[in-house]
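Following: one structure in structure tokens, then a few remarks.
Each chain gets a letter, A, B and so on, in the order its sequence line appears, and its residues count up from 1.
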Amino acid sequence: MLTLYQIRNNTEEIIKKLSVRNKDFSEPVYEAIKIDDERREIKGKSDLILAESNKLAKSIGQLFKEGKQAEANQAKEKAISLKEEVKKLARKLNETENKLLQVLSEIPNIPNELVPEGKSDTDNEEIRNGGVIPKLNKKIPHWELADKYDLIDFELGNKITGAGFPVYKGKGAKLQRALINFFLEEAEKAGFTEIMPPLVINEDSGFGTGQLPDKEGQMYQITEDKLFLIPTAEVPLTNIYRNVILKAEDFPIKLTAYSSCFRREAGSYGKDVRGLNRLHQFDKVEIVQIQHPDKSYKTLDEMVVYVESLVQKLELPYRIVRLCGGDLGFTSALTYDFEVYSAGQDKWLEVSSVSNFESFQANRLKLRFKETGEKQTKLAHTLNGSALALPRIVAALLENNYTENGIKIPGVLQKFTKFDFIN
RNA sequence: GGAGAGAUGGCAGAGUGGUCGAAUGCGGCGGUCUUGAAAACCGUUGUACCGAAAGGUACCGGGGGUUCGAAUCCCUCUCUCUCCGCCA
């Protein structure tokens with residue numbers, strides 16, 4: 001959520017920057033300012049009356065003590081009529097505040113100036129790439145390889161739960177565990193503190209990182225207890241700092257967590273959902289940073305370099321793209337997507353998304369900090385990225401490393417898998 | 001799941017209808033003293049909103065109510081603790 005301070009002080013500039021998202025947001029922006037004007041007026045009036053009735057209430061006590069019954073009763077009547085007025089205003093103020101919140105939550109984050117214009121993912125800008133696209137004699141998609149070597153059983157998942165909940169078996173399961181351990185160990189080396197968070201969150205947490213109110217359809221719900229299964233560890237990790245006031249010297253805060261992630265993926269269909277390409281439950285190691293506003297973009301670049309080091313160590317061909325305005329997530333100011341080439345399907349698969357949210361999440365979270373020696377609070381910047389999501393990495397590893405003799409395990413993983421070949 | 005107790009500032013903890021945004025202690029910050037530190041002493045120390053400012057308003061777990069007036073009384077929700085039951 002943008003702050004009113006941002007909107008009121010740079011109105012024209014913000015509308016112009018938002019237009020990079022391929023949509024005109026002038027209406028909600030002006031609407032927000034209009035409602036805020038109303039809000040201020042009502043608040044001013046209401047405070048004035050409250051001040052008067054507070055004074056009156058104090059005097060009534062005094063008058064009773066002095067035995068001035070008649071005067072006291074007169075003051076009482078006045079106080080009652082003031083109270084009715086305040087009640088009306090309070091109701092109006094509440095309505096106005098709710099309306100304001102609603103309009104504000106329709107306005108997405110302001111794209112950074114690096115965000116290219118564009119409508120869809122085809123307009124994303126490739127920043128750099130690396131690795132070598134393998135030349136295979138035979139292109140076999142991972143679901144066939146998974147079946148051939150009995151690594152992943154999709155049918156069994158259907159039986160136990162439903163589509164999108166695969167069962168990993170034997171070396172398939174060990175490969176999962178190896179990747180998780182590899183990613184966590186790398187994160188630790190890079191200075192991230194490992195967290196093992198709850199996999200279930202409440203409404204406040206969902207609101208804090210922006211999943212609620214409008215994206216609840218993407219989460220699995222436990223309606224009886226008003227809880228949600230996490231779509232990503234970003235939610236519990238970032239919410240650790242909900243309603244927190246930090247000191248400037250606390251920055252940067254670097255957290256990492258492995259978690260299962262649950263997504264309903266309503267509306268997905270076709271070959272996109274084949275095999276491991278799109279699942280309802282998958283595993284991911286997430287990295288989160290909370291940083292001083294002056295340093296968040298430097299941090300974003302560092303996170304990109306870090307994620308890049310992971311795909312390089314796994315020897316996967318990759319490319320990094322900067323998302324264009326039309327593809328940029330609602331809450332993000334700048335996002336880099338990582339894609340790895342999966343040779344069996346002959347496709348680029350998105351395996352990570354690294355974003356700077358600036359103060360957009362922090363505003364909802366009420367995540368603030370104070371500069372040393374200053375009293376005033378400011379909003380912190382939040383960033384996060386996948387490092388990495390497992391399924392598509394597994395898909396690429398299986399497909400790219402397939403040989404006549406089996407599937408080769410990358411060197412960095414062998415210490416965790418304890419085997420170097422799947423055959 | 002059953003019975004009971006509780007939720008107050010960074011922490012501990014007073015306050016049961018008016019002078020309470022809240023005693024006191026600890027902690028934090030600033031200062032005096034000191035070569036430096038400790039101790040002692042003095043001062044200071046929540047957040048948000050309205051206002052150009054002066055100043056005002058709200059907040060004692062959340063929401064609602066009673067009252068001229070609520071941290072204090074009532075309702076409700078959430079959470080914590082103790083005991084019993086069940087249990088990885």
Check your understanding: So what's the dot-bracket for RNA chain B: Watson-Crick or G-U pairs under 3.5 Å, [ ] if a pair crosses, | if it pairs off-strand?
Key -> ((((((((.[[[..)..(.....]]]((((((.......))))))(((((....))))).[[[[[..)....]]]]])))))))....
Check your understanding: When you check the side-chain N and O atoms of A:Gln211 and A:Thr209, is any donor under 3.5 Å from an acceptor?
Key -> yes
**Study point:** Separation between the C1' atoms of B:rU47 and B:rG43, rounded to whole Å
**Key:** 23 Å
**Study point:** N/O donor-acceptor pair under 3.5 Å between A:Gln414 side chain and A:Ile409 backbone
**Key:** yes
Practice item. For the residue pair A:Phe192 and A:Tyr306, categorise the inter-ring angle as parallel (less than 30°), tilted (30 to 60°) or perpendicular (more than 60°). Key: tilted
Review point. Among B:rC50, B:rU66, B:rA48, which is the nearest nucleotide to the side chain of A:Thr377?
Key: B:rA48
Check your understanding: Checking A:Lys295 against A:Phe251: charged group under 6.0 Å from the ring centre and within 45 degrees of the axis?
Key -> no
Review point. Which part of the nucleic acid does A:Lys78 contact within heavy-atom distance under 4.0 Å: base, sugar-phosphate only, or nothing?
Key: nothing
Check your understanding: Taking OP1 and OP2 of B:rC49, is either one under 4.0 Å from a side-chain nitrogen or oxygen of A:Arg39?
Key -> no
Point to revise | Sugar-phosphate only, base, or nothing, as touched by A:Leu82 at under 4.0 Å among non-hydrogen atoms | key: nothing
Point to revise | Donor + acceptor pair across side chains of A:Ser296, A:Thr299 (<3.5 Å) | key: no
Check your understanding: Can you list, by residue number, the residues of residues 357-370 of chain A that have a non-hydrogen atom closer than 4.0 angstrom to RNA chain B?
Key -> A:Arg368, A:Lys370
Practice item. Please determine if A:Glu216 and A:Arg264 form a salt bridge, counting it only when a charged side-chain N lies under 4.0 Å from a carboxylate O. Key: no
Check your understanding: Any chance the side chains of A:Tyr297 and A:Glu358 put a donor and an acceptor closer than 3.5 Å?
Key -> yes
Exercise for review: Report yes or no: is the cationic atom of A:Arg364 (NZ for Lys, CZ for Arg) under 6.0 Å from the centre of the six-membered ring of A:Phe207, at an angle within 45° of the ring normal?
Suggested key: yes
Check your understanding: When you check the side-chain N and O atoms of A:Glu308 and A:Tyr318, is any donor under 3.5 Å from an acceptor?
Key -> yes
Practice item. Kindly point out which of B:rG69, B:rU19, B:rU66 is positioned nearest to the side chain of A:Lys58? Key: B:rU19
Practice item. Using a heavy-atom cut-off of under 4.0 Å over every strand shown, decide if A:Ala57 touches base, sugar-phosphate, or nothing. Key: base
Revision key, fill the gap. Tightest non-hydrogen contact, residues A:Ala387 and A:Phe183, listed as O-CB, 3.4 Å
Practice item. Give the B/S/- string for nucleotides 55-64 of chain B, one per nucleotide from 5' to 3', where a protein heavy atom under 4.0 Å of the base yields B, of only the sugar-phosphate yields S, and otherwise -. Key: -BBS------
